[in-house]
S.K.: 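Below is a structure I'd like to ask you about.
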Amino acid sequence: MDRTDKEQLSLVKGTRQRYNEWIFRDVPSDITIEVNGGSFSLHKFPLVSRSGRIRRIVAEHRGDDISRFELLNLPGGAECFELAAKFCYGINFEITSTNVAQLCCVSDYLEMTEDFSKDNLGSRAEEYLESIVCKNLEMCVEVLQQCENLLPLADELKVVSRCIDAIASKACAEQIASSFSRLEYSSSGRLHMSRQAKCDGDWWIEDLSVLRIDMYQRVITAMKCRGVRPESIGASLVNYAQKELTKKSSLWNPSSQTKIDSNSTLHEKLVVETIVSLLPVEKLAVPINFLFGLLRSAVMLDCTIASRLDLERRIGSQIDVATLDDILIPSFRHAGDTLFDVDTVHRILVNFFQQDDSEEDPEDAFVFESDSPRSPSQTALVKVSKLVDNYLAEIAPDANLKLSKFLVIAETLPAHARTVHDGLYRAIDIYLKAHQGLSDLDKKKLCRLIDFQKLSQEAGAHAAQNERLPLQSIVQVLYFEQLRLRNSLSCSYGEDDPKPIHQSWRISSGALSAAMSPRDNYASLRRENRELKLELARLRMRLNDLEREHACMKRDMAKSGSRKFMSSFSKKIGKLSLFGHSSSRGSTSPSRNSHRTDSKVIERTCASTE
């Protein structure tokens, strides 16, 4: 006899002992009813007066004088039938959240409705469900737990749907009340909602974690329809996954040696696929490390391709907030493969760049504020470029990592994403050290990825002495190092020789322009254009001042004599300082030389810019 049979036998004995305590002993029983292995010696009259099903069975066998029959598939089993029998005998018992679902189902099975008796068991259970249970979220959760073993009858009686609607409504109302309590005024006088790590109205998250996955899915779907915040939905999903996956298996704990049976694996696979389908569409509604955990579980459990692609798309949309530990996804394939799942990371990066392009409005592609900071997309690109370079350095020592896979990860980033190539150079150097059997052609393919002009001084000095690099790459490094040294020496001349300064500025500006995205490059050009227009406006104002002074000098010349005119002319010229006075050595500063401009030339310049 196995453990299940022993438990069922002990349950039957306990039920028989309990019902012997309340059954009438002075009146002999005239009918015996068997329910799930349990035997109840009862009386026909109290049963047929309340139960339409028992009345019909007795009526059908009136001629045979039936004294024994069995009730098959009775919901709730012998324990639930005992409560129904007690009700028929008029014995009081308490209806609670732990038995109301069984009472609703058994009353429907036994047809204990108002058609056969007033205030029958069915109406009593329905009244308690509507007036007590549906107004309390914890009780609704307890009823749903009891309904897990009463399907599909509990669904047909709408016990499940009523509890789910009550939970969703209660959670939404609690969240609205909590949101009002979080309203506060900012320093500017505007009303806004304070940010909290966890909303006070999310206390229901822990209660829902006890539900079975199918019930939990229906509850979360109803909450979404009711408008519960995506952050609260995400927090509930994280809490549920941690209880169902991390504590019951070794999926997220590789050090555990617990043997996983097939039933447990199927359950975990169902949990992962269900949680993925319930994830909110909003970004950052769930932590990205949780998404990576789901992705690892999905790969290990061989979940559906749709679930894995959905997770990769969600991760790709926020990969800029990921860490190196997140993207180091182990490879669960055959022996001899790479240590890490490089293909999955490549698809995630492709999703990042595709969503970055798709989310940009084409109408606003050329409308930017010139004085605005760097765009969020460029900031995300810089973060992702550092992450990718660190990832390449981490996977580079793998002896099974093919050059093609290394290249496809490195080439995923656009050219303007990497402002500095030190990280890429470090990863390539590690790969060359771990794969010394590469041909010269393969080494050249690798080194073509590096823009040696974007190496720092320390990285350039290391690359110039790196024997693992091809000779052509070393020559490029030496050339750019010499060019950098020449520019630094040119800058030391100062104002005595302005030409090297302008030349150095052009070189650095070109490097910065190459490191900027097209959006930021356009914004920089607009900023320079605005500065040029402001300078031309100043020149135009100065030209107007010169014309007014010229007109005044003409009037003075007509009124006074030539001597007075020359004296006035010299004074006004001195005030305007059109021409700088030579020093004792006869030198003039560049700023004074800049004022030696003909008015006609200024007019032509202003006209051409307009």
S.K.: Applying side-chain hydrogen bond (donor to acceptor under 3.5 Å, both in side chains), name anything that partners Asp207, two or more places apart in sequence or on another chain.
M.R.: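 By the side-chain hydrogen bond (donor to acceptor under 3.5 Å, both in side chains) rule, Asp207 matches no residue at all.
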S.K.: Quick one: side-chain contact (heavy atoms from CB on, under 4.5 Å) partners of Asp326, sequence neighbours excluded?
M.R.: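 With sequence neighbours excluded, Asp326 shows a side-chain contact (heavy atoms from CB on, under 4.5 Å) to Ile288, Asn289, Phe292, Ala322, Thr323, given in chain and number order.
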S.K.: Quick one: salt bridge (charged side-chain N to carboxylate O under 4.0 Å, His left out) pairs with a partner in residues 132-150, sequence neighbours left out?
M.R.: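 Passing the test, one end in residues 132-150: no pairs.
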S.K.: With sequence neighbours excluded, give me every ring-ring contact (aromatic ring centres under 6.0 Å, His included) pair touching residues 205-246.
M.R.: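 Found Tyr216-Tyr240.
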S.K.: How long is the gap from CG on Asn73 to CG on Asn36, to the nearest 0.5 Å?
M.R.: 8.0 Å
S.K.: Could you give all pairs that pass the salt bridge (charged side-chain N to carboxylate O under 4.0 Å, His left out) test and reach residues 390-400, with sequence neighbours left out?
M.R.: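 Not a single pair qualifies under salt bridge (charged side-chain N to carboxylate O under 4.0 Å, His left out).
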S.K.: Table please: side-chain donor-acceptor pairs of residues 298-311 below 3.5 Å, with sequence neighbours left out.
M.R.:
{"residue": "Thr304", "atom": "OG1", "partner": "Ser307", "partner atom": "N", "Å": "3.4"}
{"residue": "Thr304", "atom": "OG1", "partner": "Ser307", "partner atom": "OG", "Å": "2.8"}
{"residue": "Arg308", "atom": "NE", "partner": "Cys303", "partner atom": "O", "Å": "3.3"}
{"residue": "Arg308", "atom": "NH2", "partner": "Cys303", "partner atom": "O", "Å": "3.1"}
{"residue": "Asp310", "atom": "OD1", "partner": "Arg313", "partner atom": "NH2", "Å": "2.7"}
{"residue": "Asp310", "atom": "OD1", "partner": "Arg314", "partner atom": "NE", "Å": "3.3"}

S.K.: What residues form a ring pair (Phe, Tyr, Trp, His ring centres under 6.0 Å) with Phe81, not counting sequence neighbours?
M.R.: Phe40
S.K.: Residues in side-chain contact (heavy atoms from CB on, under 4.5 Å) with Thr96, at least two apart?
M.R.: Glu94, Thr98, Asn99
S.K.: Is Lys243 salt-bridged to Glu206, cutoff N-O under 4.0 Å?
M.R.: yes
S.K.: Among pairs that include at least one residue of residues 113-134, which meet salt bridge (charged side-chain N to carboxylate O under 4.0 Å, His left out), considering only residues two or more places apart or in two chains?
M.R.: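 Matches after skipping sequence neighbours: Glu126-Arg162, Glu130-Arg162.
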S.K.: Checking Glu111 against Ser51 for the side-chain hydrogen bond (donor to acceptor under 3.5 Å, both in side chains) test, could you report, in this order, the C-alpha distance in whole Å, the side-chain angles of both residues, the deciding distance, and whether it holds?
M.R.: CA-CA 5 Å; Glu111 300 176 15; Ser51 172; over 6 Å; no
S.K.: Checking Asp30 side chain against Lys44 main chain: does a donor-acceptor pair fall under 3.5 Å?
M.R.: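 Yes: the side chain of Asp30 pairs with the backbone of Lys44.
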S.K.: Who pairs with Pro330 by side-chain contact (heavy atoms from CB on, under 4.5 Å), at least two apart in sequence or on another chain?
M.R.: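 In terms of side-chain contact (heavy atoms from CB on, under 4.5 Å), with neighbours along the sequence ignored, Pro330 is linked to Arg296, Phe332.
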S.K.: Sequence neighbours left out, what passes side-chain contact (heavy atoms from CB on, under 4.5 Å) with Val408? Give chain and number order.
M.R.: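 Once residues adjacent in sequence are excluded, the partners of Val408 under the side-chain contact (heavy atoms from CB on, under 4.5 Å) criterion are His346.
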S.K.: Could you pull out all residues at least two apart from Glu34 that satisfy salt bridge (Lys or Arg N to Asp or Glu O under 4.0 Å)?
M.R.: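 Counting only residues at least two positions away or on another chain, Glu34 forms a salt bridge (Lys or Arg N to Asp or Glu O under 4.0 Å) with Arg68.
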S.K.: Please step through salt bridge (Lys or Arg N to Asp or Glu O under 4.0 Å) for the pair Asp165 and Lys170, ending with a clear verdict.
M.R.: CA-CA 8 Å; Asp165 290 340; Lys170 191 69 175 176; over 6 Å; no
S.K.: Would you confirm whether Arg53, through its side chain, and Leu110, through its main-chain N or O, come within 3.5 Å as a donor-acceptor pair?
M.R.: no
S.K.: Can you check whether Leu42's main-chain N or O pairs, donor with acceptor, with Tyr89's side chain at less than 3.5 Å?
M.R.: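 No.
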